[in-house]
2 protein chains.
Amino acid sequence: MPPRIELVATGSELLNGRSVNTHARRLAARLRPLGLALARETTVPDGVGAIAASIREALARASVVIVSGGLGPTTDDCTREAAASVLGCGLREDAGTLQRIAERCTRSGRPLTPSRRRQALVLDAAEALPNPVGAAAGQRLERGGAALFLLPGPPDEFEAVLDGSVAPWLAARYGARPGVERVLMTAGLGESDVAERIEALGPPPESLAVAYTAEPGCVQVRVSGPPGADAEADAFVGAVAERLGPAVYAREPEDLAEAAVRRLAAGGRTLATAESCTGGRIGERITSVPGASAVYRGGVVVYADEAKTALLDVPPDLLAARGAVSAEGCAAMARGVRVRLGADLGLAVTGVAGPGGGTVAKPVGLVFAGVADADGTDVREFRFPFDRAGNRRAAAQHALDLLRRRLSGCPSRR
Amino acid sequence: MPPRIELVATGSELLNGRSVNTHARRLAARLRPLGLALARETTVPDGVGAIAASIREALARASVVIVSGGLGPTTDDCTREAAASVLGCGLREDAGTLQRIAERCTRSGRPLTPSRRRQALVLDAAEALPNPVGAAAGQRLERGGAALFLLPGPPDEFEAVLDGSVAPWLAARYGARPGVERVLMTAGLGESDVAERIEALGPPPESLAVAYTAEPGCVQVRVSGPPGADAEADAFVGAVAERLGPAVYAREPEDLAEAAVRRLAAGGRTLATAESCTGGRIGERITSVPGASAVYRGGVVVYADEAKTALLDVPPDLLAARGAVSAEGCAAMARGVRVRLGADLGLAVTGVAGPGGGTVAKPVGLVFAGVADADGTDVREFRFPFDRAGNRRAAAQHALDLLRRRLSGCPSRR
């Protein structure tokens, strides 16, 4: 019988409009491979009363209660006190956590103040869980057959303690065999296109479930089934991959930038980027991949037209005749940055992100992306229907997909 | 006495990792101008039992319960049935909603199937609320002094019914004047430093509450109070701002990049950026601000050392003698990009993001940020304790703060 697991997310910023709560999604991603599920999430403001009430109610229903937030150094941080009041225990200072906090302070040249020290307090009946990313200790307490976890709120700290302490504990305690899961990452097709092509194959085997997660420019297809359904899952996924063709860029969760860096490294090839409307987003995504330095020479953000000439040798008369937002302008940028930075491939993007700057001939959302290598230059035109941020995001994503397809020898059309 | 308002968000996709729930933020944005607040959000999966339990529990605590999701045409959509079971009432077909659904079907050339028709069902004691964006009717029911609202799940439909029916009802019923709110945006101080400096002022006036939201490199201080407390809030915030000094960069919610662009525009000055470890993140943040094109010339991402020479004229012997990650290297990059792109100011960042690349002399997390203008170049050294992504994020944030302080004539030290 799988345990009932609940999440209590604390923090007034989650209820007053300032922040969006992503903890449920992050927790669910860890539960799924263990064959476990989240039954409820309750979000409450900072405040001992509200937090204590929600912990008490959750413990009455669930075997595992995970609480996030409220473990920091300020006076709003009162999860420790709330949990202590529910369980009727006191607080103690954990030596290991205190030492880690002291070391962090030394490394960043800050004093170990009383408020920073508060983050070493744990319930006296709890085990402190190490937080490798931040200061506050996580905590685990067991009481009457239920387990209570207190985790730090900042997302990267929440995930670090989940991965380091909570997921291993759940795996050991509830030892569920994970079901079978297969993933296909696709780019260049919209969610309903992907879904329709898969549905055209006919219904999947009864034991398998198909789910889609769509982000701009990328659709993840997830096929899941019960333990032991590997052969069925592989056969079905094989058929889906064949149907989706070159839209598939990976068989496990992978960012398009990772996919591009992986292919560059495998071929021993280098890349340079020239960005206009995307402003540096592509460079940032490429360099976020560890190992990018082996393949990425660098890039330019040529926001003003003069910069396109100053940095990339794009001829001023081409800019005057065709404009920077043109297939020819894009091709010149891609070729220029390839030469200027001595790279095997140049990737360029130019477009009208909006809200201003559009015309009838070149409306907001018009974007050109191009890839130049020793064999020539390939430019594609896109028309995005989003707002400024959405157009920039889509432009970066589709440019990375154009690069990926070029590196894979795939057709750049769908 | 303001009403206790709760949100129940239904939908398995909100708990199994596929979607992130943004309803609380959208609802809070409508409540705040009415002087109202959200006390709790509960997220439950599709399923009559789970939804009914959470509605029942919320109605026992709150005067206003808003339920989102589960009003669609498929078999997962069971919010109507769950609410009916809690309130012991039946369902009726609302004529106005049915007509709207029929018209939508005609317009999109789709048949009026029984499942689409289900979206016209409302609890027999409820008033149907029009949904101008989608098919399913919203609903309002009052029972025993409490009000229950059922709203469609898709965000744009949720907001449309909120704006069209719920917010006007709340304004008329609870007619509250919004409380007073003041915000201070700070950069360059950690959350506990900010909190300690404010606490050193002594306790705030009893009517005011102080809250902190911290993101890497930026702490937002929010002071809130009841309607009419303007003078008290202004006096307290004035004292806080004086205590925090140059760390304060705005008196309303504002991103550091927006603050920098605003100051550049106000002074009629232009900027160019040279990034190494941040990979393009600074350029992306600057260009995400509408109006950046008036002040941002462009930038370079000089990931490889040769790119620093090729694009910025950083002398190779300086790189050989001092290394790229050095105060001198950073200053040369800042001066070089300023000249190369013809900008008034050059902002440069170079560092070791990790996980590899660190040495004893130049460990992971060591970052230099520098600003060059006609008067000279100012470089600051940082030591960040984060992982790769965290170090890159912190480097970009602190570089933007260095630029902001330079533009404001503030000291670059705290």
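For clarity, every value in this text was computed on a predicted model and none was experimentally measured. Residue numbers start from 1 in every chain, and the chains themselves are labelled A, B, ... in the order their sequence lines are given, proteins ahead of strands. Values reported hereafter were calculated over all heavy atoms of this structure, with side chains retained and with hydrogens, waters and symmetry mates removed.
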Checklist line | Toward chain A, the part of B:Val219 with a non-hydrogen atom under 4.5 Å | finding: neither
Note to self: Is A:Val295 in contact with chain B via its backbone, its side chain, both, or neither, using a 4.5 Å heavy-atom distance?
What the structure shows: neither
Checklist line | Side chain / backbone / both / neither for B:Ala39 at chain A, heavy atoms under 4.5 Å | finding: backbone
Margin query: Need one label for A:Arg388: side chain, backbone, both or neither, based on atoms under 4.5 Å from any heavy atom in chain B.
Written below: side chain
Checklist line | Top of B:Asn16, B:Val302, B:Leu7 for chain A proximity - count of heavy-atom pairs under 4.5 angstrom | finding: B:Asn16
Notebook entry, point to check: Looking only at side chains, do B:Thr287 and A:Arg392 share a donor and an acceptor under 3.5 Å apart?
Noted result: yes
Next item on the list: Could you please spell out the steps behind the side-chain contact (heavy atoms from CB on, under 4.5 Å) verdict for A:Val300 and B:Leu311?
Entry: CA-CA 9 Å; A:Val300 298; B:Leu311 289 178; 3.9 Å; yes
Check: In terms of heavy-atom proximity below 4.5 Å to chain A, should B:Arg30 be classed as side chain, backbone, both, or neither?
Finding: neither
Check: Using 4.0 Å as the upper bound for N to carboxylate O, is an ion pair formed by A:Arg297 and B:Asp305?
Finding: no
Check: Who among A:Leu31, A:Thr74, A:Val44 has the most heavy-atom pairs with chain B under 4.5 Å?
Finding: A:Thr74
Check: Checking B:Arg32 against chain A: side chain, backbone, both or neither under 4.5 Å from a heavy atom?
Finding: side chain
Checklist line | B:Asp193 with A:Arg116: basic N within carboxylate O range, under 4.0 Å | finding: yes
Next item on the list: Between chain B and each of A:Asp77, A:Val133, A:Asp76, count heavy-atom pairs under 4.5 Å; write down the option with the most.
Entry: A:Asp76
Note to self: We want to know whether B:Thr213 and A:Glu13 form a side-chain donor-acceptor pair, criterion being a heavy-atom distance below 3.5 angstrom.
What the structure shows: no
Check: B:Asp387 versus chain A, heavy atoms under 4.5 Å apart: side chain, backbone, both or neither?
Finding: neither
Check: Given the options A:Pro355, A:Ser115, A:Pro45, which has more heavy-atom pairs under 4.5 Å with chain B than any of the others?
Finding: A:Ser115
Margin query: Can you tell me which of B:Glu191, B:His23, B:Glu6 forms the most heavy-atom pairs within a distance under 4.5 Å of chain A?
Written below: B:Glu191
Notebook entry, point to check: Where on B:Ala211 is there a heavy atom nearer than 4.5 Å to chain A: the side chain, the backbone, both, or neither?
Noted result: both
Margin query: Taking every non-hydrogen pair under 4.5 Å, which of B:Gly354, B:Ser293, B:Ala24 racks up the most with chain A?
Written below: B:Ser293
Check: Measuring heavy-atom distances to chain B, does A:Ala37 have an atom under 4.5 Å in its side chain, in its backbone, in both, or in neither?
Finding: neither
Next item on the list: Please state whether the side chain, the backbone, both or neither of A:Arg61 comes within less than 4.5 Å of a heavy atom of chain B.
Entry: side chain
Margin query: I'd like to verify something: which residue of B:Glu284, B:Glu196, B:Arg222 has the highest number of heavy-atom pairs under 4.5 Å with chain A?
Written below: B:Glu284
Next item on the list: Tell me, for A:Thr270 versus chain B, whether the close heavy atoms (under 4.5 Å) come from the side chain, the backbone, both or neither.
Entry: neither
Item checked: Part of B:Glu57 within contact of chain A (heavy atom distance under 4.5 Å) -> side chain
Next item on the list: Measure distances from A:Ala310 to the heavy atoms of chain B and classify the residue's part below 4.5 Å as side chain, backbone, both or neither.
Entry: both
Note to self: Counting heavy-atom pairs closer than 4.5 Å to chain B, which one of A:Thr75, A:Thr43, A:Ile282 comes out on top?
What the structure shows: A:Thr43
Next item on the list: Answer with side chain, backbone, both or neither: which region of B:Val210 has an atom nearer than 4.5 Å to a non-hydrogen atom of chain A?
Entry: backbone
Margin query: Using heavy-atom distances under 4.5 Å, tell me whether A:Arg26 contacts chain B through its side chain, its backbone, both, or neither.
Written below: neither
Item checked: Atom pair CZ (B:Phe384) and CZ (A:Arg107), whose distance is rounded to the nearest 0.5 Å -> 13.5 Å
Check: Side chain, backbone, both or neither: which part of B:Ala195 has a heavy atom under 4.5 Å from chain A?
Finding: side chain
Notebook entry, point to check: Where on A:Leu341 is there a heavy atom nearer than 4.5 Å to chain B: the side chain, the backbone, both, or neither?
Noted result: side chain
Next item on the list: Count the heavy-atom pairs under 4.5 Å between each of B:Glu306, B:Glu275, B:Arg285 and chain A, then report the option with the highest count.
Entry: B:Glu306
Next item on the list: Measure distances from A:Ala9 to the heavy atoms of chain B and classify the residue's part below 4.5 Å as side chain, backbone, both or neither.
Entry: neither
Check: Which bit of A:Leu14 is near chain B, if near means a heavy-atom gap under 4.5 Å: side chain, backbone, both or neither?
Finding: backbone
Margin query: With chain A as the partner, which of B:Gly390, B:Ser192, B:Gly342 has the greatest number of non-hydrogen pairs under 4.5 Å?
Written below: B:Ser192
Next item on the list: Compare all side-chain heavy atoms of B:Val301 with those of A:Thr273 and state whether any distance is below 4.5 angstrom.
Entry: no
Next item on the list: Mind ranking A:Ala389, A:Ala50, A:Pro73, A:Gly299 by heavy-atom pairs under 4.5 Å with chain B and telling me who comes out on top?
Entry: A:Gly299
Notebook entry, point to check: Using non-hydrogen atoms only, which part of A:Thr113 is less than 4.5 Å away from chain B: side chain, backbone, both, or neither?
Noted result: both
Checklist line | Residue among A:Gly298, A:Ser54, A:Gly357 with most heavy-atom pairs under 4.5 Å to chain B | finding: A:Gly298
Check: Does the distance from a Lys or Arg side-chain N to an Asp or Glu carboxylate O, for B:Glu41 and A:Arg40, drop under 4.0 Å?
Finding: no
